[in-house]
Amino acid sequence: MSKIQAPKGVSEYFPPRSDNFEFVRNTLISAAKVSGYSMMELPVFEDTELFIRGVGESTDVVSKEMYTFEDRGGRSITLRPEGTAGVMRSVIEHNLDKGQLPVKVWYSGAFFRAERPQAGRYRQFYQVGVEAIGANDPELDVEVIAIAHRAFMALGLKNYRLDITSLGDAESRARHRVDLVKYIDGLNLDEATQARAAINPLRLFDDKRDEVREAMAAAPLLLDYLNAEAARHFVQVQELLGEMNIPFVINPKMVRGLDYYTGTTFEFVHQDLGAQSGIGGGGRYDGLMSDLGGANLSGIGFGIGVDRVLLAAEAEGILTDAGPSELDLFLIAMNEPTKRFVARALNELRNLGVRADMAYGDRALKGAMKAADKSGARFSMVIGDDEISAGSANLKDMKTGATESITLSPLTVLADQLKRR
RNA sequence: GUGGGCGUAGCUCAGCUGGUAGAGCACUCGGUUGUGGUCCGAGAUGUCGCGGGUUCGAGCCCCGUCGCUCACCCCA
């Protein structure tokens, strides 16, 4: 029989690393929760049309990276490549935008993009994201950025930076685009690069080749085209970030791949990650809701890549410590008959809220003690015929090695004892 | 999608110019009656990613394929 492998390019998390993955994800989620965001659990597949209209047909994500298929009813379905469009769809569909604004939600889950896999770039990857819809305050922009910043701080991440810029409003961007295209037309570029520029001229700012960088050095910057209102908004964001001690750099050449971004846009870049260095990014989107058939509300949000944050944390060596054990007690039965007694006691202790486990399988005492040690439980207890007839057993502190005799009936005595420590 | 590197025990890897595989860690057991972490000893484990080919003979050479990885590209 041939072995079945996981599909190409997916990331899987299993013990012991899954503990770190869970820790990273929970830290990101906690940061959203303390800012008053509520959870949203959405489908991983949506009507293909949602992403075409929401993310933009000309984007790489939509034009060549989506997992799209026909379901049994002949509908075109797509595995979600990002989170914002689905959130908007759901908010509109359930009239959340008709209530108190802003609507503030977070989500966490798997996303799918059919790209060539690489370290930090997977075909199924995990994101934690937030969206705040229905208010265009610069304070809200900063709140969203601060959530990500707070999460990274809580993890102890250091070697990253926050890039921000403003993409202005549609009118500013149109004016800038005219001049930028004019500038690019005067450049001597190869065919592939011209094709990229035709789809999105801003892309050329992102090119890594030196000759293109030099050629683009004098290109007109979108930041210089902002109208008064957009410029004022962006200044306020900068001031507030400064007041909150959130370091940032203005990167007028930042490029985002999703069409819906407007105004404040940002990206967290980690220094130890190689090519896939963006650990999170997001921005404001003014037209998205109305494009999807909802009210004309502005929103702002981000997506953080859990896989990449985990990679970054590992690269910085801040997750090397094994997490604290979840177990209070590890039980060991001396022989077959006492095993049943131990299993019942274990069950009762768990009912009483004690986090406990026991040695399974036919292991010698030495091996069972080793298992107790590996489990990380704070206490262990060996139970044999003697203990059962005496009605008490020695509770051993695995750190100090000290033991103490404790009654086995009722088990509440043991449970209370363990909870007090 | 394009180009480069790699794929040997659970993990990290060694294996010279082709002669049918090793180390460390981890794991299991033991060091005289029922207590782990250190130490000592013993043991198990691989269709050498998969499929073809060249050869008397391939982990080592060739082709294909799958996967990983790095860069481009893209973005989380």
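Source: prediction; values computed, not measured. Letters go in sequence order (proteins before strands), and every chain restarts at 1.
Using a 4.0 Å heavy-atom cutoff across all strands shown, A:Glu115 reaches at least one base atom of the nucleic acid. Residue A:Tyr122 is in base contact, counting any heavy-atom pair closer than 4.0 Å across all strands shown. Note on A:Ala275: a base of the nucleic acid sits closer than 4.0 angstrom, heavy atoms only. Among the atoms of the strands shown, only primed sugar atoms or phosphate atoms (P, OP1, OP2) are found under 4.0 Å from some heavy atom of A:Gly9. At the heavy-atom level, A:Leu258 lies under 4.0 Å from the strands shown only through sugar-phosphate atoms. Base contact: A:Arg113 has a heavy atom under 4.0 Å from a base atom. Residue A:Asn335 is classed as having no contact, given no heavy-atom separation below 4.0 Å to the nucleic acid. Looking at heavy-atom distances under 4.0 Å, A:Gln124 makes no contact with the nucleic acid at all. Across all strands shown, A:Asp386 has heavy atoms under 4.0 Å from base atoms, whether or not it also approaches the sugar-phosphate. Using a 4.0 Å heavy-atom criterion, one finds that A:Glu82 contacts no nucleic acid atom at all. In this structure, A:Ala364 reaches the sugar-phosphate backbone alone: every heavy-atom distance under 4.0 Å involves primed, P, OP1 or OP2 atoms, never a base.
Contact between the side-chain N/O atoms of A:Gln118 and the OP1/OP2 oxygens of B:A71 is found at a separation under 4.0 Å. Of the side-chain N and O atoms in A:Arg203, one or more sit less than 4.0 angstrom from OP1 or OP2 of B:C74. Between A:Lys8 and the phosphate of B:G67, there is a side-chain N or O to OP1/OP2 separation shorter than 4.0 Å. Between A:Arg116 and B:G4 there is no side-chain polar atom (N or O) within less than 4.0 angstrom of OP1 or OP2. In terms of phosphate contacts, A:Arg256 brings a side-chain nitrogen or oxygen within less than 4.0 Å of OP1 or OP2 of B:A76. Regarding contacts with the backbone of B:C72, a side-chain N or O of A:Lys208 is found under 4.0 angstrom from either OP1 or OP2.
Taking atom CD on A:Gln5 and atom C1' on B:G51, their separation rounds to 14 Å, with Å as the unit. Rounded to an integer number of Å, the gap from A:Met254 CE to B:A76 C1' is 14 Å. Across the protein-nucleic acid pair, A:Lys370 atom NZ and B:G30 atom P stand 11 Å apart, rounded to whole Å.
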| field | CA sep, side-chain torsions, deciding dist, call: A:Glu316, A:Tyr160, side chain to side chain donor-acceptor pair (under 3.5 Å) | value | CA-CA 10 Å; A:Glu316 287 198 36; A:Tyr160 69 92; over 6 Å; no
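Counting distance only, with no hydrogens placed and no angle test, the side-chain atoms of A:Lys374 and the base atoms of B:G36 include no donor-acceptor pair under 3.5 Å.
By the 5.5 angstrom centroid cut-off and the 30-degree plane limit, A:Phe111 is classified as not stacked against the base of B:A76.
Between the side chain of A:His270 and the backbone N or O of A:Val309, no donor-acceptor pair lies under 3.5 Å.
Between the side chains of A:Asp307 and A:Ser11, a donor-acceptor pair is found at a separation under 3.5 Å. Looking only at atom types and distance, the side chain of A:Asp179 has a donor-acceptor partner in the side chain of A:Tyr225 under 3.5 Å away.
With sequence neighbours excluded, the residues forming a ring pair (Phe, Tyr, Trp, His ring centres under 6.0 Å) with A:Tyr126 are A:Phe21, listed by chain and number.
Checking B:U35, B:C75, B:C29 against the side-chain heavy atoms of A:Arg363 singles out B:C29 as nearest.
Ring geometry for A:Phe205 versus A:His176: interplanar angle under 30°, hence parallel rather than tilted (30 to 60°).
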